[in-house]
Amino acid sequence: LVTIEVVDPDIGSQIEAAYMPFEGISAGLKGTAADAIEIMLGEASDRHLTHSVLQPTRLWFRETEQGAHEGLDIESGDGSKTLVRFRVPARPELLDGLASQEPEIS
């Protein structure tokens, strides 16, 4: 589950999504730079969000002191930042293969 917060120097901080399932992230490339980064949230078609960061200039990967994945900070060309935070930080080795595992049906 993730929360997306947008911090804009002109209008301040706004929560765009709270505790939605993280589905994926992609970068649309134009030449050698990303034209946009898209963050996809939500499983159900009636509760789905794609947040676009246009003209990204910097991306920071956030980790806790223990090495758990905490989220991302993405800076846009207009000076705004998109903060993606995982509800529960987790170490990557604890998640390996977890998302691809099919539930056992008996």
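Remember, it's a predicted structure, so these values are computed and weren't measured experimentally.
Among residues two or more places apart in sequence or in another chain, the salt bridge (Lys or Arg N to Asp or Glu O under 4.0 Å) test is passed with Asp73 by Arg62, Arg85. For Ser80, the side chain to side chain donor-acceptor pair (under 3.5 Å) partners at least two apart in sequence or on another chain are Asp78. Applying the side chain to side chain donor-acceptor pair (under 3.5 Å) criterion to Glu5, with sequence neighbours excluded, gives Ser13.
To the nearest 0.5 Å, the span separating CG on Leu54 from CD1 on Ile37 amounts to 10.5 Å. Rounding to the nearest 0.5 Å gives a distance of 8.0 Å between CD of Gln14 and CG of Asp8. In this structure, Ile25 CD1 and Thr50 OG1 are separated by 11.5 Å, a value rounded to the nearest 0.5 Å.
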I would like to know whether Val2 and Ile39 meet side chain to side chain contact (heavy atoms under 4.5 Å, CB included); could you show each step before the answer? CA-CA 10 Å; Val2 299; Ile39 305 154; 5.7 Å; no
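Taking every heavy atom of both residues into account, Glu38 and Ser52 meet most closely at OE2-OG, 3.3 Å. In plain terms, the two heavy atoms of Glu75 and Trp60 that are nearest each other are OE1-CH2, 3.3 Å. Across Leu49 and Ala17, no two heavy atoms sit closer than the pair CD2-CB, 3.6 Å. Taking every heavy atom of both residues into account, Leu72 and Phe61 meet most closely at CD2-CD1, 3.6 Å.
Here the side chain of Ser76 pairs no donor or acceptor atom with the backbone of Val53 at under 3.5 angstrom.
Applying the side-chain hydrogen bond (donor to acceptor under 3.5 Å, both in side chains) rule to pairs touching residues 16-28 yields Glu16-His51, sequence neighbours excluded.
Side-chain atoms of Met40 and His48, non-hydrogen and from C-beta on, do get closer than 4.5 Å to each other.
In this structure, Val7 belongs to a hydrophobic cluster whose other members, linked by side-chain heavy atoms under 4.5 Å apart, are Leu83. Taking Ile, Leu, Val, Met, Phe, Trp and Tyr as hydrophobic and joining them when side-chain heavy atoms fall under 4.5 Å apart, one finds Ile15 isolated, its cluster having no other members.
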